[in-house]
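Taking it in order: structure first as C-alpha cells, then the write-up.
Each ligand, and each atom within it, is numbered from 1 in the order the structure gives.
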Amino acid sequence: MATASRTISPVRGAGDLLLLTGPMFAGKSAALIAHAATEQQRRAGRDRDGGDHAVLVLKPAFDIRDGADVVSSRDGTRIAARPVSEWPVDATEYGVVVIDEVQFMVAPHYRGDIVADIRSAVAAGCQVVAAGLDTDYMRRPFEPVVRLAAHASRHVRLSACCHRCAAPAAWTAKLHETGCRLELGSGNLYEARCDQHWAAPDQMAPGLPTIADVAS
Ligand SMILES: Nc1ncnc2c1ncn2[C@@H]1O[C@H](COP(=O)(O)OP(=O)(O)O)[C@@H](O)[C@H]1O
Ligand SMILES: Cc1cn([C@H]2C[C@H](O)[C@@H](COP(=O)(O)O)O2)c(=O)[nH]c1=O
C-alpha cells in the first residue's frame, strides 16, 4: 500500500507582510530572530526538504556591525543570515523571508527598490517579516520603511527605554554629529530617548546622567 507523502514543499499560501519598526534598542531584531526561529522549527517538521527552504533571513551587506552573516540582538540571540545588496533570485523558493535593517536597503547599499521587491515576494506567496528604523537620529522618516508601512498587513511599532529616564522611548538620538545619515553604531553613538529627552546632536545637554549611571 502506498504511504501518503508526509508533506508538500514549499508550503505556499497567501503572502503577507509583517513590519516591525521603532527606535534603536526597541527589540526589533529580537522579535525578528524569534519569529524566524519559530518558523524554522515549525516548518522543519513539515516540509519535505527538512525545512532547508523554509526560512530565508536577509540583512544588508552594508551592516557588518556584529558579523557579516548573522543577525544579532542585544538580548544575546542571533541567527544566521544572508548578506545582500540586491534582492536574491531564489527568495520566492522560501515560504518565509525575514529581513533586518531594512532602512539600509537603499542606494548605494542596495540595487533596486526594496519596497517593490518585497511586494513582489508577497504577491508570489511569501510571508515577509521586515524590521527597520522608522526614523533617523533627527526624527526624519526612513523612506523605504515608511513606504513599506502602507503595504503591511500588520505593523508593530516597538518602543525602547529612554537611556536618560527609562520612560518609553520612540526616538533615537545621536550623541555627536558626524555628518552621516547612515552610520553603523550602537551605544557608542546612539541612545534611545523619550519625547522629553530626545535632542539633535548639536543640542545635547552635556553631563546628563544615563539610566546606567543612576542605577550604579
Ligand atoms: N534602552 C534600552 N531599551 C530597551 N532595551 C534595551 C535598552 N538598552 C539595551 N537593551 C536591550 O536590548 C534588547 C533589544 O535589542 P535589539 O533586539 O538589538 O533591538 P533593536 O533591534 O530594536 O535595536 C532588549 O531586550 C534589552 O535587553
Ligand atoms: C538612528 C540611526 C541609526 N543608524 C544605524 C545604527 C545601527 O547600525 C542601525 C540600527 O540598528 P538597530 O538594530 O535598530 O539597533 O542603524 C543610522 O545609520 N542612522 C540613524 O539615523
Side-chain angles (χ1 to χ4, degrees), residues 18-38 57-79 81 83 85 98-110 114 129-146 148-149 155-204 208-216:
L18 165 61
L19 181 65
L20 305 169
T21 63
M24 290 178 67
F25 308 92
K28 302 181 300 299
S29 299
L32 201 77
I33 292 164
H35 189 94
T38 303
V57 183
L58 302 177
K59 64 175 288 184
F62 168 67
D63 186 3
I64 51 165
R65 196 169 28 138
D66 294 314
D69 51 7
V70 69
V71 166
S72 63
S73 162
R74 293 178 184 84
D75 73 359
T77 56
R78 45 204 280 130
I79 196 163
S85 47
V98 168
I99 313 163
D100 201 14
E101 308 288 2
V102 77
Q103 77 277 356
F104 288 148
M105 291 182 160
V106 290
H109 307 300
Y110 187 83
I114 186 62
V129 185
L133 296 171
D134 43 4
T135 55
D136 69 7
Y137 66 95
M138 292 300 295
R139 296 169 59 165
R140 296 170 298 212
F142 273 119
E143 194 247 351
V145 182
V146 172
L148 275 178
H155 179 180
V156 180
R157 190 167 198 274
L158 299 165
S159 54
C161 294
C162 175
H163 276 105
R164 298 293 154 171
C165 70
W171 314 112
T172 310
K174 195 169 193 173
L175 300 177
H176 54 268
E177 186 56 273
T178 60
C180 295
R181 188 180 192 212
L182 296 185
E183 183 168 23
L184 302 178
S186 189
N188 56 322
L189 192 55
Y190 300 99
E191 286 186 1
R193 296 281 183 104
C194 65
D195 282 341
Q196 191 197 335
H197 288 111
W198 178 86
D202 62 350
Q203 302 291 315
M204 283 288 161
L208 200 61
T210 67
I211 48 175
D213 298 330
V214 173
S216 60

Proximal atoms of ligand 1 relative to Met24 (non-hydrogen, under 4.0 Å): 23 (O)
Those atoms of ligand 1 less than 4.0 Å from some heavy atom in Ala30: 17 (O)
Distance filter under 4.0 Å to Pro23 heavy atoms, resulting ligand 1 atoms: 22 (O)
Atom indices of ligand 1, in the order listed, that fall short of 4.0 Å to a heavy atom of Ala160: 3 (N)
Distance from atom 16 (P) of ligand 1 to nearest protein heavy atom, with residue and atom: Ser73 OG, 3.4 Å
Phe25 N/O under 3.5 Å from ligand 1 N/O: yes
N or O contact, Glu101 vs ligand 2, cut-off under 3.5 Å: yes
Contact partition for Arg74 relative to ligand 2, non-hydrogen atoms under 4.0 Å: side chain
Arg65-ligand 2 polar pair, N/O distance under 3.5 Å: yes
Non-hydrogen atom of Gly22 closer than 4.0 Å to ligand 1: no
Which segment of Lys174 sits under 4.0 Å of ligand 2 when only heavy atoms are counted: neither
Residue Ile64 excluded, over 12 heavy atoms near CD1 under 6.0 Å: no
Backbone or side-chain N or O of Gly185 under 3.5 Å from ligand 2 N or O: yes
Distance-only N or O hit between ligand 1 and Cys161, under 3.5 Å: yes
Side chain, backbone, both or neither: the part of Thr172 lying under 4.0 Å from ligand 2 by heavy atom: side chain
4.0 Å heavy-atom contact, Gly187 with ligand 1: no
